[in-house]
Amino acid sequence: INSTGGTNSITGFTTGGTSTSYGIFGISDSLGEYTYYSTLQSAINAASSGDVIQMFANVTESSPVTVILKDGVDLNMNGYTYTLDRNSTDHCLTDNNLTVNCKIYNGNIVRSNVSYVNDTTSLCLYVQNTNTVIETVGVYFISPATTGINNNGTVRGSLVESYTRGVVNSGKLYSLNVIATLETAIYCNSITSEVYDCIGRSNGLGFGIGMLMPSFAGSITNSVGYSLGNAGIYAANVNRIQSCVGYSTASDGMAILNS
(Lines give C-alpha, C1' and ligand atoms only; values in the text may rest on other atoms or scores of the structure.)
Protein backbone atom coordinates (compact mmCIF):
# COMPACT_ATOMS: atom_id res chain seq x y z
CA ILE A 1 0.00 0.00 0.00
CA ASN A 2 1.44 3.36 -0.97
CA SER A 3 0.50 7.00 -0.76
CA THR A 4 2.19 9.33 -3.22
CA GLY A 5 1.92 13.06 -3.73
CA GLY A 6 -0.96 13.82 -1.40
CA THR A 7 -3.28 10.82 -1.75
CA ASN A 8 -5.72 11.22 1.14
CA SER A 9 -6.86 7.71 1.91
CA ILE A 10 -6.38 4.02 1.36
CA THR A 11 -9.09 1.41 1.08
CA GLY A 12 -9.30 -1.59 3.35
CA PHE A 13 -11.82 -4.39 3.84
CA THR A 14 -13.48 -5.58 7.03
CA THR A 15 -14.60 -9.17 7.46
CA GLY A 16 -17.51 -9.91 5.20
CA GLY A 17 -16.06 -7.75 2.43
CA THR A 18 -17.46 -4.41 3.54
CA SER A 19 -15.25 -1.60 2.20
CA THR A 20 -14.21 1.21 4.48
CA SER A 21 -11.93 4.21 3.99
CA TYR A 22 -8.96 4.88 6.24
CA GLY A 23 -6.44 7.68 6.47
CA ILE A 24 -2.71 7.20 6.11
CA PHE A 25 -2.10 8.23 9.73
CA GLY A 26 -4.32 7.62 12.75
CA ILE A 27 -4.68 8.47 16.43
CA SER A 28 -6.82 6.23 18.63
CA ASP A 29 -8.98 7.38 21.54
CA SER A 30 -9.45 5.62 24.87
CA LEU A 31 -11.86 3.16 23.22
CA GLY A 32 -9.39 2.26 20.50
CA GLU A 33 -11.31 4.09 17.79
CA TYR A 34 -9.20 6.00 15.29
CA THR A 35 -9.36 9.48 13.87
CA TYR A 36 -7.54 9.49 10.52
CA TYR A 37 -5.35 12.10 8.83
CA SER A 38 -4.00 12.40 5.31
CA THR A 39 -0.57 13.82 6.26
CA LEU A 40 1.87 13.31 9.08
CA GLN A 41 1.90 17.01 9.92
CA SER A 42 -1.90 17.19 10.20
CA ALA A 43 -1.83 14.22 12.58
CA ILE A 44 0.90 15.82 14.69
CA ASN A 45 -0.99 19.12 14.79
CA ALA A 46 -4.10 17.33 16.09
CA ALA A 47 -2.25 15.16 18.61
CA SER A 48 -1.86 15.83 22.33
CA SER A 49 1.01 14.87 24.59
CA GLY A 50 0.81 11.14 25.27
CA ASP A 51 -0.70 10.28 21.87
CA VAL A 52 0.89 7.77 19.50
CA ILE A 53 0.39 8.38 15.79
CA GLN A 54 0.08 5.14 13.81
CA MET A 55 1.23 4.98 10.18
CA PHE A 56 -0.72 2.67 7.85
CA ALA A 57 1.04 2.96 4.46
CA ASN A 58 4.23 4.00 2.72
CA VAL A 59 4.26 7.72 1.99
CA THR A 60 6.26 9.60 -0.64
CA GLU A 61 5.96 13.35 -0.17
CA SER A 62 6.86 15.53 -3.15
CA SER A 63 5.60 18.88 -1.85
CA PRO A 64 7.87 21.36 0.00
CA VAL A 65 7.24 20.26 3.57
CA THR A 66 9.33 19.79 6.70
CA VAL A 67 7.42 17.87 9.35
CA ILE A 68 7.69 19.55 12.77
CA LEU A 69 7.66 17.13 15.69
CA LYS A 70 5.66 17.83 18.86
CA ASP A 71 6.66 17.32 22.49
CA GLY A 72 5.19 14.12 23.94
CA VAL A 73 3.75 12.86 20.63
CA ASP A 74 5.22 9.56 19.43
CA LEU A 75 5.15 7.95 15.97
CA ASN A 76 4.79 4.23 15.25
CA MET A 77 5.61 3.68 11.58
CA ASN A 78 4.58 0.01 11.67
CA GLY A 79 7.34 -0.99 9.24
CA TYR A 80 6.44 1.57 6.58
CA THR A 81 8.62 4.17 4.86
CA TYR A 82 8.27 7.95 4.84
CA THR A 83 10.13 9.54 1.90
CA LEU A 84 10.64 13.22 1.19
CA ASP A 85 11.41 13.18 -2.53
CA ARG A 86 11.95 16.78 -3.58
CA ASN A 87 14.89 18.89 -4.71
CA SER A 88 14.64 21.47 -1.92
CA THR A 89 16.20 22.48 1.39
CA ASP A 90 13.40 20.84 3.41
CA HIS A 91 14.08 18.16 6.01
CA CYS A 92 12.02 15.05 6.65
CA LEU A 93 11.70 15.83 10.37
CA THR A 94 12.75 18.62 12.75
CA ASP A 95 12.05 19.95 16.25
CA ASN A 96 11.99 23.48 14.75
CA ASN A 97 14.29 24.62 17.59
CA LEU A 98 11.63 23.82 20.21
CA THR A 99 12.08 21.37 23.09
CA VAL A 100 10.69 18.02 21.97
CA ASN A 101 10.77 14.67 23.76
CA CYS A 102 9.34 11.92 21.59
CA LYS A 103 9.81 8.38 20.32
CA ILE A 104 9.77 7.02 16.76
CA TYR A 105 9.29 3.31 16.14
CA ASN A 106 9.71 0.75 13.38
CA GLY A 107 10.18 2.35 9.97
CA ASN A 108 12.35 4.03 7.37
CA ILE A 109 12.84 7.77 6.88
CA VAL A 110 14.32 8.67 3.49
CA ARG A 111 15.52 12.02 2.09
CA SER A 112 15.89 11.71 -1.69
CA ASN A 113 16.13 13.71 -4.92
CA VAL A 114 18.61 16.28 -3.54
CA SER A 115 22.30 17.13 -3.77
CA TYR A 116 24.63 17.95 -0.90
CA VAL A 117 24.82 21.67 -0.04
CA ASN A 118 25.88 21.72 3.62
CA ASP A 119 25.29 19.86 6.88
CA THR A 120 22.14 21.81 7.78
CA THR A 121 20.27 21.36 4.50
CA SER A 122 17.96 18.61 3.21
CA LEU A 123 18.37 16.24 6.17
CA CYS A 124 16.45 13.22 7.37
CA LEU A 125 16.38 14.69 10.88
CA TYR A 126 17.41 18.11 12.16
CA VAL A 127 17.51 18.47 15.97
CA GLN A 128 18.14 22.14 16.70
CA ASN A 129 17.18 22.55 20.35
CA THR A 130 19.76 21.44 22.93
CA ASN A 131 17.01 20.09 25.24
CA THR A 132 15.32 17.90 22.62
CA VAL A 133 15.45 14.12 23.08
CA ILE A 134 14.53 11.86 20.16
CA GLU A 135 14.43 8.14 20.94
CA THR A 136 14.14 5.67 18.10
CA VAL A 137 13.54 1.93 18.00
CA GLY A 138 13.93 0.07 14.72
CA VAL A 139 14.25 3.27 12.67
CA TYR A 140 16.47 3.49 9.58
CA PHE A 141 17.40 6.98 8.33
CA ILE A 142 18.55 6.93 4.69
CA SER A 143 20.04 9.86 2.80
CA PRO A 144 21.56 8.81 -0.56
CA ALA A 145 23.12 12.22 -1.30
CA THR A 146 23.23 14.40 1.84
CA THR A 147 24.00 14.33 5.56
CA GLY A 148 21.58 12.10 7.46
CA ILE A 149 21.17 13.76 10.87
CA ASN A 150 22.32 17.03 12.39
CA ASN A 151 21.94 16.86 16.16
CA ASN A 152 22.23 19.57 18.81
CA GLY A 153 20.17 17.73 21.44
CA THR A 154 20.02 14.00 22.17
CA VAL A 155 19.35 11.18 19.69
CA ARG A 156 19.11 7.54 20.75
CA GLY A 157 19.10 4.25 18.89
CA SER A 158 19.07 4.91 15.13
CA LEU A 159 20.54 3.21 12.09
CA VAL A 160 21.78 5.90 9.69
CA GLU A 161 23.15 5.52 6.17
CA SER A 162 24.17 8.54 4.10
CA TYR A 163 26.41 9.56 1.26
CA THR A 164 28.39 12.41 2.85
CA ARG A 165 28.54 12.70 6.65
CA GLY A 166 26.23 10.33 8.43
CA VAL A 167 25.63 12.33 11.61
CA VAL A 168 26.92 15.78 12.51
CA ASN A 169 26.76 15.95 16.28
CA SER A 170 26.95 18.87 18.67
CA GLY A 171 24.91 17.10 21.35
CA LYS A 172 24.63 13.55 22.69
CA LEU A 173 24.39 10.34 20.68
CA TYR A 174 23.45 6.99 22.22
CA SER A 175 23.49 3.60 20.47
CA LEU A 176 23.61 4.77 16.85
CA ASN A 177 24.93 2.64 14.00
CA VAL A 178 26.07 5.02 11.25
CA ILE A 179 27.43 4.31 7.76
CA ALA A 180 28.81 7.02 5.47
CA THR A 181 29.70 6.30 1.87
CA LEU A 182 32.06 9.22 1.27
CA GLU A 183 33.01 11.13 4.43
CA THR A 184 33.05 10.76 8.23
CA ALA A 185 30.25 8.64 9.69
CA ILE A 186 29.96 10.44 13.06
CA TYR A 187 31.43 13.94 12.97
CA CYS A 188 31.72 16.10 16.11
CA ASN A 189 33.30 19.55 16.36
CA SER A 190 31.45 21.19 19.27
CA ILE A 191 32.59 21.24 22.90
CA THR A 192 29.17 19.83 23.87
CA SER A 193 29.61 16.69 21.73
CA GLU A 194 29.29 13.32 23.46
CA VAL A 195 29.14 9.85 21.87
CA TYR A 196 28.06 6.71 23.77
CA ASP A 197 27.75 3.09 22.57
CA CYS A 198 27.88 4.03 18.90
CA ILE A 199 29.33 2.46 15.76
CA GLY A 200 30.59 4.65 12.93
CA ARG A 201 31.81 3.29 9.60
CA SER A 202 33.20 5.30 6.71
CA ASN A 203 33.51 3.51 3.39
CA GLY A 204 35.36 6.50 1.93
CA LEU A 205 38.14 8.83 3.07
CA GLY A 206 36.49 9.97 6.27
CA PHE A 207 36.82 8.77 9.87
CA GLY A 208 34.52 6.22 11.42
CA ILE A 209 34.19 8.59 14.36
CA GLY A 210 35.82 12.00 14.18
CA MET A 211 35.83 14.34 17.18
CA LEU A 212 37.76 17.55 16.53
CA MET A 213 37.37 19.89 19.48
CA PRO A 214 38.19 23.61 19.32
CA SER A 215 39.21 23.31 22.98
CA PHE A 216 39.67 20.47 25.47
CA ALA A 217 36.17 18.95 25.74
CA GLY A 218 33.85 16.19 24.52
CA SER A 219 33.85 12.43 25.06
CA ILE A 220 33.64 9.11 23.22
CA THR A 221 32.61 6.12 25.32
CA ASN A 222 32.11 2.41 24.51
CA SER A 223 32.15 3.09 20.79
CA VAL A 224 33.68 1.59 17.64
CA GLY A 225 34.99 3.38 14.57
CA TYR A 226 35.76 1.78 11.20
CA SER A 227 37.25 3.39 8.11
CA LEU A 228 38.37 2.11 4.73
CA GLY A 229 40.33 5.27 3.93
CA ASN A 230 41.35 7.02 7.16
CA ALA A 231 41.58 6.54 10.94
CA GLY A 232 38.85 4.47 12.52
CA ILE A 233 38.60 6.96 15.40
CA TYR A 234 40.20 10.38 15.19
CA ALA A 235 40.18 12.47 18.39
CA ALA A 236 41.77 15.89 18.82
CA ASN A 237 41.51 17.86 22.11
CA VAL A 238 38.99 15.34 23.46
CA ASN A 239 38.44 15.26 27.20
CA ARG A 240 37.72 11.53 27.49
CA ILE A 241 38.03 8.45 25.30
CA GLN A 242 36.98 5.34 27.20
CA SER A 243 36.51 1.68 26.19
CA CYS A 244 36.65 2.36 22.46
CA VAL A 245 37.97 0.37 19.49
CA GLY A 246 39.19 1.69 16.15
CA TYR A 247 39.75 -0.22 12.91
CA SER A 248 41.23 0.95 9.64
CA THR A 249 42.40 -0.65 6.42
CA ALA A 250 44.33 2.46 5.37
CA SER A 251 45.52 4.36 8.46
CA ASP A 252 45.56 4.28 12.27
CA GLY A 253 42.91 2.33 14.07
CA MET A 254 42.80 5.23 16.56
CA ALA A 255 44.58 8.57 16.14
CA ILE A 256 44.53 10.50 19.39
CA LEU A 257 45.99 14.00 19.55
CA ASN A 258 46.21 16.08 22.74
CA SER A 259 43.47 14.03 24.37
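Taking CE of Met77 as the start and CG of Leu40 as the end, the distance is 8.0 Å to the nearest 0.5 Å. With rounding to the nearest 0.5 angstrom, the OH atom of Tyr126 is 8.0 Å from the CG atom of Asn97. The distance from the CD1 atom of Ile104 to the CE atom of Met55 is 11.0 Å, given to the nearest 0.5 Å. With rounding to the nearest 0.5 angstrom, the CD1 atom of Ile134 is 7.5 Å from the CG atom of Asn101. Atom CG of Asp197 is separated from atom CG of Leu173 by 11.0 Å, given to the nearest 0.5 angstrom. Going from atom CG of Asn222 over to atom CD1 of Ile199 covers 11.5 Å, rounded to the nearest 0.5 Å.
Leu123 and Ile44 are members of different hydrophobic clusters when ILVMFWY side chains are connected at heavy-atom separations under 4.5 Å. Hydrophobic clustering of Ile, Leu, Val, Met, Phe, Trp and Tyr side chains at less than 4.5 Å, counting indirect connections, unites Ile24 with Val67. Residues Ile149 and Leu93 share a single hydrophobic cluster, defined by chaining ILVMFWY side chains whose heavy atoms lie under 4.5 Å apart. By the criterion of side-chain heavy atoms lying less than 4.5 angstrom apart, applied directly or through intervening Ile, Leu, Val, Met, Phe, Trp or Tyr residues, Leu257 is not grouped with Ile186; the two fall into different hydrophobic clusters. No path of Ile, Leu, Val, Met, Phe, Trp and Tyr side chains, each step under 4.5 Å between heavy atoms, connects Leu75 with Ile142, placing them in separate hydrophobic clusters.
Between Val65 and Asp90, every side-chain heavy-atom pair lies at or beyond the 4.5 Å cut-off. Side-chain contact check for Tyr140 versus Ile109: every heavy-atom pair is 4.5 Å or farther apart. Proximity of Thr81 to Val110: side-chain heavy atoms (C-beta onward) are separated by under 4.5 Å at one or more points. At least one side-chain heavy atom of Val127 sits under 4.5 Å from a side-chain heavy atom of Val155. When side chains are defined from C-beta on, Gln54 does not count as touching Phe25, because their heavy atoms never get closer than 4.5 Å. Pro64 is listed as a side-chain neighbour of Arg86, based on a closest heavy-atom distance under 4.5 Å. A heavy-atom distance below 4.5 Å is not found between the side chains of Thr184 and Ser202. Within the 4.5 Å cutoff, the side chain of Asn108 has no heavy atoms near those of the Tyr80 side chain.
Other residues, nucleotides and ligands place no more than 12 heavy atoms under 6.0 Å from the CD1 atom of Ile191. Within a 6.0 Å sphere centred on OH of Tyr116, other residues, nucleotides and ligands contribute more than 12 heavy atoms.
Just one residue in the list Leu159, Leu176, Leu125 forms a side chain to side chain contact (heavy atoms under 4.5 Å, CB included) with Phe141, and that residue is Leu125. The residue from Asn152, Asp95, Asp71 that alone fulfils the side chain to side chain donor-acceptor pair (under 3.5 Å) condition with Thr132 is Asp95.
A pairwise comparison of heavy atoms in Val167 and Val178 identifies CG2-CG2, 3.8 Å as the closest pair. When every heavy atom of Ile241 is checked against every heavy atom of Ile256, the shortest pair comes out as CD1-CG2, 3.9 Å. Here the shortest heavy-atom pairing between Ser143 and Cys124 reads CB-SG, 4.0 Å. Between Gly148 and Val160, the shortest heavy-atom contact is CA-CG1, 4.3 Å. Nearest heavy atom pair, residue Leu69 against residue Cys102, reads CD1-SG, 4.2 Å. Scanning all heavy atoms of the two residues, the minimum distance from Ser122 to Ser88 falls at OG-O, 2.6 Å.
One side chain, Ser158 or Thr136, offers a donor N or O that lies under 3.5 Å from an acceptor on the other. Checked by atom type, the side-chain pair Asn106/Asn78 shows no donor-acceptor distance below 3.5 Å. Side chain to side chain, Tyr82 and Glu61 fail the donor-acceptor criterion of an N or O pair below 3.5 Å. Using modelled atom types, one finds a donor on one side chain and an acceptor on the other under 3.5 Å when comparing Asn169 with Asn151. For the residue pair Asn96 and Thr94, no side-chain donor N or O sits within less than 3.5 Å of a side-chain acceptor on the partner. Under the 3.5 Å distance criterion, with hydrogens and angles disregarded, no donor-acceptor pair is assigned to the side chains of Asn230 and Ser227. At a cut-off of 3.5 Å, with distance as the only test, a side-chain donor of Asp119 or Thr147 sits close to an acceptor on the other residue. No hydrogens or angles considered: nothing links the side chains of Thr83 and Asp85 as a donor-acceptor pair under 3.5 Å. No side-chain N or O of Ser193 forms a donor-acceptor pair with one of Ser190 less than 3.5 Å apart.
Remark: the backbone N or O of Ala255 is not paired with any side-chain donor or acceptor of Asp252 at under 3.5 angstrom. Arg111 contributes a side-chain N or O that, together with a main-chain N or O of Leu84, makes up a donor-acceptor pair within less than 3.5 Å. Proximity of a side-chain donor or acceptor of Lys70 to a complementary backbone N or O of Ser49 within less than 3.5 Å is not detected. Between the Gln41 side chain and the Ile68 main chain, a donor and an acceptor come within less than 3.5 Å of each other. A donor-acceptor pair under 3.5 Å links the side-chain atoms of Ser162 to the main chain of Gly166, judged by distance alone.
Between Tyr174 and Tyr196, the angle of the ring planes stays under 30°, which puts this pair in the parallel group of the 30/60° scheme. Tyr234 and Phe207 have parallel rings, their planes meeting at less than 30° on a 0 to 90° scale where 60° marks the start of perpendicular.
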- request: Using the side chain to side chain contact (heavy atoms under 4.5 Å, CB included) rule, take Leu205 and Leu228 through it: C-alpha gap first, then chi angles, then the decisive distance, then the call.
  value: CA-CA 7 Å; Leu205 297 178; Leu228 301 185; over 6 Å; no
message: side chain to side chain donor-acceptor pair (under 3.5 Å), that's the test. Do Ser42 and Asn45 meet it? Break it down for me.
response: CA-CA 5 Å; Ser42 63; Asn45 292 345; over 6 Å; no
Identify all side-chain donor-acceptor contacts of residues 209-221 below 3.5 Å with residues at least two apart in sequence or on another chain.
from: Thr221; atom 1: OG1; to: Arg240; atom 2: NH2; distance (Å): 3.3

